[in-house]
Every structure is written in structure tokens, then in C-alpha cells.
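To start, the structure under review is shown below, and the notes come after it.
Quick note: numbers below take in every heavy atom, side chains included, and nothing from hydrogens, waters or symmetry partners.
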Amino acid sequence: MQHGPAVRRRKLGAELRALRTSAGLTSGQAARLVGWHQSKVSRIETGTSGVKPADVRLLLDAYAVADTQLRELLMVLAGSEDSGGRHHWWHAYRGVLPPTYRDFISLESQAGAMRTLETTVVPGLLQTPEYARAVTKAAVEGLSEDRLDTLVEVRLARQDVLRADPPLELSAVLDEAVLRREVGGPGVMARQLDRLVEAARLPQVRLQVLPFAAGAHIGVTGPFVIFSFLRTSDLDVVVLDHLTSSLYLERKEDLQAYSEAFNALQVHALSPEDSLDFIAGTAAGA
């Protein structure tokens with residue numbers, strides 16, 4: 001288990017190593033092509049040192065990588081802007097957001113798909129401003145109003161990934177407790193449930209409810225997120241959130257275990273259509 005930056009360095013390095021191998025080059029040959037020492041290529045490929053976007057571009061050119069989407073993904077992982085020139089907006093909040101949260105946002109912004117199990121609260125990407133404020137205030141005690149406003153602002157800014165082109169594909173399984181737990185009062189909760197109904201109708205969002213009637217399930221151990229990168233599965237990662245930190249699982253066996261767990265949860269959950277009816281019914285009774 002690693003923190004996010006280490007995971008990204010290692011995954012970026014592993015992908016660059018695979019591309020070098022596919023190009024039929026040794027690390028020494030690659031280093032000579034770009035005018036480096038072999039040790040620099042080795043450090044980048046093992047993730048033991050960071051790499052600048054300009055260095056990644058040099059390597060991709062040396063390996064004759066023509067796939068523009070793959071190039072952009074690897075460049076963004078190295079800290080570059082995306083193709084639309086949008087810089088990493090969360091950098092403006094360095095003094096407010098802990099590194100693990102900034103890194104989560106980074107992964108979320110770069111991923112092509114996100115699968116999440118939520119057992120207590122509505123996923124951040126689907127929260128209303130009022131709900132986000134109530135959740136943040138409850139989760140972090142002693143916040144000043146200014147800091148609280150900033151954290152809610154960040155939560156709402158994250159939701160832009162669902163409106164991007166192409167948008168992030170979100171698949172979420174929500175335990176029924178998420179719908180039943182009254183956050184922020186009846187009015188706030190009613191509007192949040194209405195928001196979920198709207199979100200469930202979006203083509204890039206798949207919502208399923210796991211009702212209490214399903215009994216014990218594999219997700220009782222806690223929520224998790226799986227980020228997938230459409231151009232290469234080697235960059236996929238599982239994120240487990242804890243009170244003071246996040247853990248990142250990158251081993252293939254971990255990814256397989258959590259993917260299988262999510263698939264099992266989807267089987268036991270209500271269908272998207274029945275889930276929409278369930279959420280609407282809960283909203284009507286709220």
C-alpha cells in the first residue's frame with residue numbers, strides 16, 4: 001500500500017518501461033537517444049524519482065509513441081496540463097487541502113472511469129452544495145466558516161469531471177443507509193435525493209442501491225473507489241479512505257479482488273431502473 005504520488009510514479013515508470021521494451025530499446029540505448037545517463041532512465045522506470053512532463057515527452061518521442069491519448073495521459077500523470085490547456089485547478093488550494101486529498105482529486109480528474117461503493121454518505125461527485133456543507137462540517141470539527149466554504153467549493157469543482165468531454169464514467173453502488181441517513185435536516189436530504197434521481201438519468205452515471213433486504217454483503221468492511229484509465233489498465237488503482245489518510249492499492253491481485261467485489265455488489269444490488277424508482281420513492285417519503 002502506497003500514498004498516491006508514489007503509486008503514480010511507479011505506474012508511470014512501469015508504462016514507460018513497457019513502451020521502451022516495445023520499441024526494442026535497452027535502458028542504455030534509450031538514455032543515449034535523449035542525452036541522459038542510464039541511471040536516470042532506471043530511476044524513472046522504477047518510480048524512485050519524479051519525472052518532468054518535458055522528460056516524458058522526450059522519452060515518448062524516442063520510443064515513437066504516436067497514440068495521442070496515451071501520450072496525453074502519461075503527460076498529465078507527470079504533471080502537465082490536459083489538451084484543453086486546463087491546469088490542475090486544485091493546486092490553488094495547496095494551503096487548504098491535505099496532500100492525500102489533492103492526490104485523490106488528481107486521479108479522479110485523469111481517470112476514464114470510477115467505480116465506488118458508498119456505505120454512509122452520497123458520493124462527493126453527486127452531492128448538492130447544502131449536503132456537501134453538512135457532511136464536511138460533521139466530518140471535520142472546528143472548521144472556520146471561510147475554510148468550510150473553501151472545502152465545499154472544492155467538492156463542487158470536482159463535479160466538473162462529469163461534464164467534461166468525454167465525461168468520467170461513474171458507477172456507484174449505494175448502501176440503503178446512504179439514502180436513509182438524514183444529513184443536514186429533512187429539506188437538505190430531500191433535495192439531495194432529488195439530485196440523485198437527476199444524476200441516475202445521466203448516460204455517464206450508473207447508480208444502484210443495495211437495500212437492507214440484501215443482508216450482509218462483501219462491502220460491509222467499508223467503502224472503496226476503483227479508478228480506471230481507459231488507455232491502459234496498468235494505471236488502475238484502488239483507493240481506501242481512512243479518517244486521516246488514504247491508502248492506494250496497485251497490485252494486480254488487489255485490483256482483481258476489488259473489481260470482483262464490486263461486480264458481486266452490482267449483482268446483489270437493485271438494477272439501475274429499480275434503483276431509480278427506489279430513490280424516487282425514498283425522496284417522496286422524505
task = Decide yes or no on side chain to side chain contact (heavy atoms under 4.5 Å, CB included) for Phe262 and Val225, but give the supporting numbers first.
result = CA-CA 10 Å; Phe262 190 80; Val225 173; over 6 Å; no

Do [X] and [Y] have side-chain heavy atoms sitting under 4.5 Å apart?
X      : Y      : value
Ile226 : Ser259 : yes
Leu126 : Leu170 : yes
Leu249 : Leu255 : no
Asp61  : Val34  : no
Leu156 : Pro129 : yes
Glu169 : Met114 : no

Gap separating the [atom1] atom of [X] from the [atom2] atom of [Y], nearest 0.5 angstrom:
X      : Y      : atom1 : atom2 : answer
Arg191 : Leu193 : CZ    : CG    : 11.0 Å
Arg102 : Leu107 : CZ    : CG    : 13.0 Å
Leu276 : Leu207 : CG    : CG    : 8.5 Å
Leu210 : Leu179 : CG    : CG    : 10.5 Å
Leu196 : Leu174 : CG    : CG    : 6.5 Å
Gln192 : Gln127 : CD    : CD    : 6.5 Å

ask   = Strictly by modelled atom types, are Gln38 and Ser42 linked by a side-chain donor-acceptor pair under 3.5 Å?
value =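 Checked: Gln38/Ser42 side chains show no N/O donor-acceptor pair below 3.5 Å.
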
Do [X] side-chain atoms and [Y] backbone N/O form a donor-acceptor pair below 3.5 Å?
X      : Y      : result
Thr150 : Asp146 : yes
Arg115 : Ser171 : no
Glu118 : Pro123 : no
Asp236 : Phe229 : yes
Asp274 : Leu270 : no
Tyr131 : Val183 : no
Ser275 : Val209 : yes
Gln204 : Leu162 : yes

request  = Sorted by first residue and then second, give each ring-ring contact (aromatic ring centres under 6.0 Å, His included) pair with at least one member in residues 188-209; sequence neighbours left out.
outcome  =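 Qualifying pairs: none.
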
inquiry  = Quick test of your reading: applying ring-ring contact (aromatic ring centres under 6.0 Å, His included), list the pairs with at least one residue in residues 95-128, sequence neighbours left out, ordered by first then second residue.
reply    =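 Non-adjacent pairs meeting ring-ring contact (aromatic ring centres under 6.0 Å, His included): Phe104-Phe227.
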
Which heavy atom in [X] sits nearest to a heavy atom in [Y], and how many Å separate them?
X      : Y      : value
Arg57  : Met75  : NH2-CE, 3.1 Å
Trp90  : Ser109 : CH2-OG, 3.2 Å
Leu16  : Ile44  : CD1-CG2, 3.8 Å
Gly222 : Thr119 : C-CG2, 4.5 Å

Results of side-chain contact (heavy atoms from CB on, under 4.5 Å) for [X] - residues two or more places apart only:
X      : value
Ala177 : Asp175, Arg181, Phe212
Val65  : Leu19, Leu60, Tyr63, Leu70, Arg71
Gln29  : Leu25, Thr26, Arg32

Side-chain polar contacts of residues 136-144 - donor-acceptor pairs under 3.5 angstrom, sequence neighbours left out - could you list them?
{"residue": "Thr136", "atom": "OG1", "partner": "Ala132", "partner atom": "O", "Å": "2.7"}
{"residue": "Ser144", "atom": "OG", "partner": "Arg147", "partner atom": "N", "Å": "3.2"}

request  = List the steps, then state whether side chain to side chain contact (heavy atoms under 4.5 Å, CB included) holds for Trp36 with Leu58.
outcome  = CA-CA 11 Å; Trp36 299 345; Leu58 279 175; 4.0 Å; yes

Using the test salt bridge (Lys or Arg N to Asp or Glu O under 4.0 Å), find all partners of [X] that sit at least two apart in sequence or belong to another chain.
X      : result
Asp149 : Arg133
Asp160 : Arg163
Glu108 : Arg158
Arg195 : none

query = What residues, two or more places apart in sequence or in another chain, satisfy side chain to side chain donor-acceptor pair (under 3.5 Å) together with Gln208?
reply =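 Scan of Gln208 (side chain to side chain donor-acceptor pair (under 3.5 Å), adjacent residues dropped) gives Arg206, Gln266.
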
query = Could you walk me through whether Tyr93 and Leu151 pass the side chain to side chain contact (heavy atoms under 4.5 Å, CB included) check?
reply = CA-CA 9 Å; Tyr93 298 92; Leu151 290 175; over 6 Å; no

request  = Please lay out, stage by stage, how Val154 and Ile105 fare under the test side chain to side chain contact (heavy atoms under 4.5 Å, CB included).
outcome  = CA-CA 9 Å; Val154 169; Ile105 296 173; 3.8 Å; yes

query = Does anything in residues 33-49 pair up under salt bridge (Lys or Arg N to Asp or Glu O under 4.0 Å), and if so which pairs, sequence neighbours excluded?
reply =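 For residues 33-49: Arg20-Glu45, Lys40-Asp55.
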
